Each structure stands twice: as structure tokens, then as C-alpha cells.
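For clarity, every value in this text was computed on a predicted model and none was experimentally measured. The figures that follow rest on heavy atoms only: side chains count, while hydrogens, waters and symmetry mates do not. In what follows, every chain begins at residue 1, and chains take the letters A, B, ... in the order their sequences are listed.
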Number of protein chains: 2
Amino acid sequence: MDDSGRGAGSDAGSRRKDARRNRQTLLEAAATVFVASGVEAPVRDIAAEAGVGMGTIYRHFPTRADLVIAVYRHQVDACAEAGPVLLAAGPTPHAALGRWVDHFVDFLVTKHGLASALQNDNAGFETLHAYFLDRLVPVCAQLLAAATAAGEIRTDLDALHLMHGIGNLCIGADTDPHYDARRLVALLIAGLRQPC
Amino acid sequence: MDDSGRGAGSDAGSRRKDARRNRQTLLEAAATVFVASGVEAPVRDIAAEAGVGMGTIYRHFPTRADLVIAVYRHQVDACAEAGPVLLAAGPTPHAALGRWVDHFVDFLVTKHGLASALQNDNAGFETLHAYFLDRLVPVCAQLLAAATAAGEIRTDLDALHLMHGIGNLCIGADTDPHYDARRLVALLIAGLRQPC
DNA sequence: TGCAAAGCGGAACGCTGTTCCGTATTGTTA
DNA sequence: TAACAATACGGAACAGCGTTCCGCTTTGCA
């Protein structure tokens with residue numbers, strides 16, 4: 001095993017305030033740039049978006065792959081935490097589901113880029129995919145259950161299959177600019193509605 | 001359509017002798033380097049192997065992808081032409097099949113690298129894959145038929161499935177140096193033998 | 001045999017990811 | 001509060017890649 005701490009970033013609990021803040025800023029800037037320009041975006045672009053020097057980025061994430069992995073985990077966590085929040089905030093569970101799926105779609109861009117970031121590391125990819133499932137399937141299931149309990153949606157689709165379908169709809173979204181994955185996903189969610 | 005002449009090389013029928021010779025030299029050198037170092041090998045290495053300058057390589061193949069494609073087609077052609085020759089030369093059809101498959105395995109390295117060379121061009125990839133099937137399936141079928149007629153091998157495997165199986169055995173051969181695809185493929189061919 | 005046209009070699013360019021180091025910021029200690 | 005290590009920062013510099021450019025050589029034809 002040579003990938004100790006892979007994907008965790010080196011200094012998640014640093015003593016210095018600016019270091020902690022920069023790490024957070026970088027994760028968010030990278031996520032933004034990945035969605036806007038794809039996961040192949042140059043490291044310099046991410047540093048610029050974050051308003052930070054190259055040294056800073058490499059201090060926090062020793063390698064480009066480390067950054068992609070850290071963004072991925074960060075997005076998984078953010079997406080998982082967003083579920084209950086949206087559910088509490090939204091007018092209805094179905095609306096909350098719709099907005100949660102928007103987060104999910106943005107984040108899939110990063111996930112699809114993982115494959116190229118971890119070209120030879122199938123084991124690492126499997127680990128991260130497992131983390132993805134462990135954290136997000138329950139959240140999605142919770143949203144589905146709430147919408148079901150409210151009588152808003154049909155009940156013949158479980159969280160795993162829904163997420164799988166959304167994931168498939170997003171394949172190729174980064175290469176073909178005419179392909180609007182979000183619209184198709186929105187249709188899919190609309191189609192979940194219980195016919196009344 | 002923006003890929004006019006993609007994969008054909010620019011000057012296959014040049015007026016000048018040295019140009020034609022260099023083109024051939026380059027195709028062979030590239031094939032050698034791809035087998036030795038993988039398809040990600042730097043263009044400079046191929047120029048060095050061919051004993052040629054950078055300008056020459058880019059005169060013949062305007063882009064790295066063009067070179068990979070040209071090598072691919074060249075290998076498909078060479079492999080297709082080798083079939084009948086080996087069949088005529090070898091002691092038995094089964095031996096000829098074994099040696100043909102050796103060619104085929106070397107050439108698969110290039111084929112697997114095509115995917116990364118043509119990252120976004122799925123249409124181009126499909127075209128080249130169709131060319132691959134059109135030219136090689138009949139040759140493989142001819143070798144199988146000859147071996148069958150000679151009573152050397154079992155008859156329950158057609159050319160397409162055999163080639164598919166060999167292709168699958170070679171997946172990952174370029175990343176894991178401990179994985180010896182050729183040995184496994186040899187076992188597969190040995191297994192074709194008719195139990196006597 | 002001369003000479004334009006075609007082709008060649010390899011230095012130079014622009015773009016990557018990554019490293020390095022002088023400078024600025026921070027938390028701690030007197 | 002003032003001084004001072006320790007820590008982190010910025011961005012220039014480096015190495016390796018694909019690609020371009022241009023002075024020189026080779027070729028085939030008149």
C-alpha cells in the first residue's frame with residue numbers, strides 16, 4: 001500500500017486559520033472550474049479562480065489527482081448533507097428531491113472525471129465509488145421515502161436505480177455541448193410524479 | 001465533418017522515393033515503440049527509433065492522433081496479409097494460426113491505445129473498428145477453416161468470438177507488467193486443439 | 001549538369017504538471 | 001504588547017509534452 005491518506009488532502013486540520021480557509025476555498029473553486037471547463041482544466045485555472053498561488057494549491061494537494069479526489073469526496077459530503085436540509089426547507093418532498101438532484105448532476109461531472117484522474121488505480125476508484133454509494137444512496141432513499149409518504153410520487157423505483165439512471169443520463173454531457181443532461185434529468189424527476 | 005482524410009496520412013503516394021521510404025519507416029518504428037513503451041510514448045521517441053527528425057514525422061502525420069491511426073490501419077493491413085502467407089508457409093494450419101495470433105496480439109496494443117488517441121471522436125473510432133472487423137474476421141475465419149479441415153481443432157468457436165476472447169485477454173496488458181497476455185493467449189490457442 | 005521543388009532535421013514555441021524559495025502571515029511566548 | 005519561530009503563501013522557474021518553423025539538403029526533371 002503506497003497511497004496512505006489518498007484523497008484526504010494533507011492538512012485537513014491545520015493549526016493556521018488561513019490554511020484551513022484556503023483549503024476550503026480551493027475545494028470550492030475547483031468544483032466550480034470542473035463544472036465550467038471539465039475535469040481536465042489546468043491547475044493554474046483553479047488557482048486563479050481561488051485567487052491563490054500555485055504553491056498553495058500544491059501544498060494542500062500534492063498532485064493533480066489528489067485534488068480531484070478531494071473535490072470528489074467534498075462533493076459527496078456536501079451532497080449528502082444537502083439532502084436533509086433541502087427536505088426541511090422545500091415546500092414539498094418532491095420539490096426537495098428535484099433540487100437535490102440538481103446538486104447531484106453537477107457533482108457527477110467530477111465523478112466522471114475521476115476515471116481519467118485515477119487511470120491505473122482501479123482499487124482507488126472502487127474505494128471512492130463505494131464511498132459514493134454508502135453516503136448518497138441513503139440520502140436519496142430518504143428523499144424518495146418522504147415524497148412517497150406524501151403521496152407525491154410513484155413507488156416503483158428505488159434510490160439506487162434512480163441514481164443509476166441519472167448517472168447514465170449524464171454520460172457524455174461534458175463532450176457534447178448540445179446535450180443537455182439537466183433537462184433530461186428534470187424530465188425524469190417530473191415523470192416520477194404520481195398521476196392524480 | 002471536419003476530419004477529411006483522417007487516418008490516411010497525407011502523402012501515401014508521394015513523388016519522391018525518400019518520402020515514401022520515410023513514411024514506411026515511421027509506421028514500422030511507431031509500431032515497435034508502441035509495443036515496447038505503450039501508445040503514450042512521446043513522438044520524439046518514435047522519431048529517434050526511425051532515425052528521423054521531428055519535422056519529418058509531422059510532415060507525414062500532422063497530428064499525434066493521425067500517426068496512431070495510420071499505424072493502426074497499417075497493422076490491420078499487415079495482419080490481414082500475414083494470414084494467407086503464414087498458412088502457406090507453416091507446417092500445419094494450427095501452427096499458422098498460432099503465429100498469426102502472435103501478430104494479432106502485438107497489434108492489439110495499438111488498438112487499445114486508439115481509444116485515448118481519439119478521446120472525443122466516437123464516430124472515428126467506430127469507423128476504424130469496423131475496418132478492423134471487415135479485414136481481420138475473414139482472415140481469422142480462413143485460418144480456422146483450414147485447421148478444421150485438417151482435423152486439428154474443435155469446431156465450436158467462430159472467428160469473431162475467438163478474436164473477441166483474445167482481445168479481452170489483452171486488456172490491461174500495458175499497465176500491469178506482471179500480466180503476460182501472450183502466454184494466456186497461447187494457452188487459449190492450445191486449448192483449441194482437437195482431443196485425439 | 002543545373003536548378004526549382006519537395007522534403008528533411010532539430011531548435012524553438014506554447015502548454016501542461018510540478019518544484020523551489022524569498023516573503024508574508026500567524027500563533028505563541030516574554 | 002512586542003518580538004520571534006514556525007508555518008504558509010505567491011509566482012517564477014523547471015521538465016516534459018505536442019506542435020511549428022525555417023535554413024539546409026536531397027531529389028527528379030529539363
Side-chain angles (χ1 to χ4, degrees), chain A residues 3 6-7 9-30 33-34 37-71 113-114 116-121, chain B residues 2-3 6-7 9-27 29-30 33-34 37-71 113-114 116-121:
Chain A
D3 52 2
R6 199 72 183 290
S10 45
D11 52 359
S14 164
R15 288 300 138 93
R16 277 176 59 162
K17 200 186 352 175
D18 55 349
R20 280 195 305 272
R21 184 165 40 77
N22 269 328
R23 186 173 198 280
Q24 205 65 16
T25 305
L26 274 171
L27 287 174
E28 283 153 19
V33 172
F34 286 168
S37 320
V39 212
E40 313 289 350
V43 179
R44 280 167 180 75
D45 290 2
I46 295 162
E49 169 78 26
V52 138
M54 298 296 299
T56 302
I57 227 173
Y58 276 91
R59 167 169 304 278
H60 287 286
F61 310 101
T63 257
R64 197 184 187 292
D66 291 322
L67 174 60
V68 175
I69 291 167
V71 170
L114 262 188
S116 44
L118 295 169
Q119 282 200 309
N120 302 332
D121 189 355
Chain B
D2 59 344
D3 51 3
R6 199 71 182 291
S10 44
D11 52 0
S14 166
R15 290 299 139 98
R16 277 176 59 162
K17 198 183 2 173
D18 56 348
R20 281 196 304 273
R21 185 165 39 76
N22 269 327
R23 186 173 198 280
Q24 205 65 15
T25 305
L26 274 171
L27 287 173
V33 172
F34 287 167
S37 322
V39 211
E40 313 289 350
V43 179
R44 280 166 179 77
D45 290 2
I46 295 163
E49 169 77 27
V52 136
M54 298 295 298
T56 302
I57 228 173
Y58 275 91
R59 167 171 303 279
H60 287 286
F61 310 100
T63 257
R64 199 186 185 293
D66 291 321
L67 174 60
V68 176
I69 291 166
V71 170
L114 263 187
S116 43
L118 297 169
Q119 283 202 309
N120 303 331
D121 188 357

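Between the CZ atom of A:R64 and the P atom of C:dT18 there is a distance of 8 Å, given to the nearest Å. The interatomic distance linking A:D66 (CG) with C:dG17 (P) rounds to 14 Å, in whole Å. Rounded to an integer number of Å, the gap from CD1 of B:I46 to C1' of D:dT19 is 14 Å. Counting to the nearest Å, the P atom of C:dC8 and the CZ atom of B:F61 are 11 Å from each other. Rounded to whole angstrom, the span from the CD1 atom of A:I57 across to the P atom of C:dT16 amounts to 13 Å. In this entry the distance linking CG of A:D45 with C1' of C:dC15 reads 11 Å, nearest Å.
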Q.
How would you summarise protein contacts on nucleotides 19-30 of chain C per nucleotide, using B for base, S for sugar-phosphate only and - for none, with heavy-atom distances below 4.0 Å?
A. BB----BSS---
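A donor-acceptor contact under 3.5 Å is formed by the side chain of B:R44 with the base of D:dG18.
For D:dC9, the OP1/OP2 oxygens have a side-chain nitrogen or oxygen of A:N22 closer than 4.0 Å. OP1 and OP2 of C:dG7 both lie 4.0 Å or more from every side-chain N or O belonging to B:T56. Contact check, B:T63 against D:dT19: a side-chain N or O comes under 4.0 Å of OP1 or OP2. Of the side-chain N and O atoms in B:H60, none sit less than 4.0 angstrom from OP1 or OP2 of C:dG7.
Rounded to the nearest 0.5 angstrom, B:D66 CG and B:I57 CD1 are separated by 12.0 Å. Interatomic distance, A:E40 CD to A:F34 CZ, rounded to the nearest 0.5 Å: 9.0 Å. To the nearest 0.5 angstrom, A:R59 atom CZ is 12.5 Å from A:L26 atom CG.
Under the rule for a salt bridge (Lys or Arg N to Asp or Glu O under 4.0 Å), the partners of B:R16 that lie at least two apart in sequence or sit in another chain are B:D18. Contacts of B:D45 classified as side-chain hydrogen bond (donor to acceptor under 3.5 Å, both in side chains), with partners at least two apart in sequence or in another chain: none. Under the rule for a side-chain hydrogen bond (donor to acceptor under 3.5 Å, both in side chains), the partners of A:Q24 that lie at least two apart in sequence or sit in another chain are A:H74. Remark: B:T25 engages B:R21, B:A50 in a side chain to side chain contact (heavy atoms under 4.5 Å, CB included) (not counting sequence neighbours).
A residue-by-residue look at B:V43 and A:G53 shows that A:G53 has its nearest nucleotide of DNA chain D further toward the 5' end.
You'll find that the side chain of A:V52 is closest to D:dG10, out of D:dG10, D:dC17, C:dG17.
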